[in-house]
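Note sheet for the following structure.
Source: prediction; values computed, not measured. Per chain, numbering begins at 1; letters A, B, ... match sequence-line order.
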Amino acid sequence: MIDLKLLQKDFDGMSAKLIRKGVDLALLEKLKEKSEELKVAKINFETLQALQNSMSKEFGIYKREGKDIGELKAKVDANKIEITKVLDIQREKNQELESMAMAIPNVPDDSVPDGEDENDNVELKKVLTPKEFSYTPKEHWELAEENGWIDFERGVKLATSRFSVSFGMGAKLERALINFMLNFNSDRGFEEVSVPALVNRTALEGTGQLPKFEDDLYKMDGQELFLIPTAEVPVTNLYQDEILSANELPKKMTAYTSCFRKEAGAAGRDTRGMIRQHQFHKVELVALSKPEQSEEIFNEMVSCASDILTALELPHRIVNLCTGDLGFSAAYTTDIEVWLPGQNQYREISSISNTREFQARRAKIRYKDGKKNIMVHTLNGSSLAVGRTLVAIMENYQNEDGTIDIPEVLKPYLGM
RNA sequence: GGACGAGUGGGUGAGCGGUUGAAACCACAUCCCUGCUAAGGAUGCGUAUGGGUAACUGUACCGAGAGUUCGAAUCUCUCCUCGUCCA
């Protein structure tokens with residue numbers, strides 16, 4: 001959530017940054033106006049309430065001393081009517097402000113380059129060189145079907161489009177990848193957690209998926225429960241509405257979950273294969289930290305994801321997202337894109353974000369620093385999307401005869 | 001699904017409708033003493049928000065929401081969660 005106090009104090013500075021993110025200046029002006037209105041409404045209410053409280057105390061004294069309370073009661077009753085009016089106004093203003101503020105994205109960091117979409121992202125570095133193929137490499141869906149690893153049609157039969165089924169070595173590889181990634185992350189100091197795949201509205205508001213992006217979430221019929229679009233939601237919200245002690249930080253966690261997305265805005269994109277599915281496996285990293293630690297932990301998380309790909313010998317590149325591609329909650333984001341020879345391009349396989357205190361303010365996650373309570377910084381990142389890693393293995397490890405080699409580091413996980 | 005019980009500050013746990021924002025204990029912080037694998041003492045210590053340079057102070061919050069009342073942690077209703085018993 002946007003820092004409304006800061007918006008009041010430094011409207012020009014903050015609005016300039018948010019405009020880069022595509023937020024309408026008029027909206028911000030309205031927001032500022034509303035928060036001033038709310039303040040006035042609050043003062044009105046509090047003044048009357050203070051009067052009411054003191055008169056009530058007097059009332060007690062009068063009674064104890066046996067004085068006549070007739071006149072006092074008349075005053076108190078009249079004041080009470082005023083209070084109800086003023087309170088209604090205050091509530092209304094508060095609600096208006098809240099719903100507006102919840103829809104404002106995070107302020108992008110100054111380091112985020114301007115840009116429209118993924119084409120304007122800035123490459124930071126490449127890791128490993130894609131190998132040369134002496135033949136035309138196949139795309140993963142072809143390889144997957146040839147090897148009997150993935151069955152796209154049966155996925156559709158069971159559910160609907162954008163669902164698939166893994167068989168045999170395909171399924172085993174997924175399991176191996178999940179275990180490999182979790183172990184890798186644990187070795188880097190991220191504690192493994194296992195969390196619910198269904199969460200309530202509060203959790204999704206905490207991390208920023210709601211109220212704005214309800215269309216992309218699967219919701220349980222008749223219940224305020226949603227399938228998680230990423231483990232970031234349950235894991236970050238683990239500490240929602242808590243005050244942590246300083247020595248608990250940083251809290252670094254990793255979790256494997258299935259993720260569920262309606263992909264509402266992605267009609268026609270990646271319809272073939274398992275790049276964009278409604279349900280997919282992902283191993284996630286989440287960290288809560290002190291503000292001064294978050295930059296360093298962010299870098300740790302990027303390395304962690306990149307090093308997994310390196311261990312799998314998959315060429316990839318690291319990309320700084322531009323304002324247009326930056327998510328709602330992120331202050332800045334680095335994507336890792338893996339090389340897919342079949343598609344002859346780099347494709348996103350991980351997205352690592354520092355939301356600074358944006359989510360912490362929404363989810364009320366603080367820590368105690370001496371006397372003061374301070375918002376933690378929250379970070380999240382994939383390490384990695386399992387399906388896409390499998391895709392990358394298929395395409396990079398393919399042989400001319402259509403067979404696929406197994407990455408060395410995964411062999412122990414496959415009993416090889 | 002039915003019956004009963006419970007939900008209080010970081011934790012445990014008191015709390016008659018009126019100086020109770022809430023005893024006590026633990027934890028925590030600062031200081032003192034002591035001097036050593038530890039102990040003792042003093043003080044402070046809920047959250048959020050408004051005003052004030054500050055001391056300080058207003059308001060709200062005792063699971064959530066509504067109600068009764070001049071006044072509610074304390075009474076009533078609804079909901080949620082947890083526990084115990086029954087089907």
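If you take atom P in G2(B) and the same atom in G13(B), they sit 29 Å apart, rounded to whole Å. Nucleotides U57(B) and C62(B) place their P atoms 22 Å apart, quoted to the nearest Å. Straight-line distance between the C1' atoms of C75(B) and G15(B): roughly 16 Å, to the nearest whole Å. A39(B) and C82(B) have their C1' atoms separated by 40 Å, with the value rounded to a whole Å. Using P as the reference atom, G35(B) and U30(B) are 23 Å apart when rounded to the nearest Å. For the C1' atoms, the distance linking A14(B) with C26(B) amounts to 15 Å, nearest Å. Straight-line distance between the P atoms of C80(B) and A64(B): roughly 15 Å, to the nearest whole Å. Comparing C77(B) with G83(B), their C1' atoms are spaced 23 Å from each other, to the whole Å.
Rounded to an integer number of Å, the gap from CG of Asn53(A) to P of U20(B) is 15 Å. The interatomic distance linking Asn44(A) (CG) with G58(B) (P) rounds to 19 Å, in whole Å. When rounded to the nearest whole Å, the span between CZ of Arg201(A) and P of C79(B) equals 21 Å. Taking atom CD on Gln90(A) and atom P on U49(B), their separation rounds to 14 Å, with Å as the unit. Between the CD atom of Gln8(A) and the C1' atom of U49(B) there is a distance of 13 Å, given to the nearest Å.
Distances from the side chain of Asn373(A) to the nucleotides G50(B), U59(B), A48(B) place A48(B) closest. Closest to the side chain of Ala50(A), from the set A60(B), C70(B), G58(B), is G58(B). Of the candidate nucleotides G18(B), U47(B), A60(B), U47(B) has the atom nearest to the side chain of Ile243(A). Listed candidates were G18(B), U69(B), A60(B). Nearest to the side chain of Lys80(A) is U69(B).
Side-chain nitrogen and oxygen atoms of Lys39(A) include at least one within less than 4.0 Å of the OP1 or OP2 phosphate oxygen of G51(B). Between Arg91(A) and A60(B), a side-chain N or O to OP1/OP2 separation shorter than 4.0 Å is absent. The side chain of Lys368(A) places no N or O atom within less than 4.0 Å of a non-bridging phosphate oxygen (OP1 or OP2) of C45(B). The side chain of Arg366(A) contributes no N or O atom lying less than 4.0 Å from OP1 or OP2 of G10(B).
Residue contacts for Lys364(A): at a heavy-atom cut-off of 4.0 Å it reaches no nucleic acid atom on any strand shown. Among the protein residues, Gln52(A) comes within range of the sugar-phosphate backbone only, with heavy atoms under 4.0 Å from sugar or phosphate atoms but none that close to a base.
Using a 4.0 Å cut-off between a side-chain N of Lys or Arg and a carboxylate O of Asp or Glu, Arg20(A) and Asp114(A) qualify as a salt bridge.
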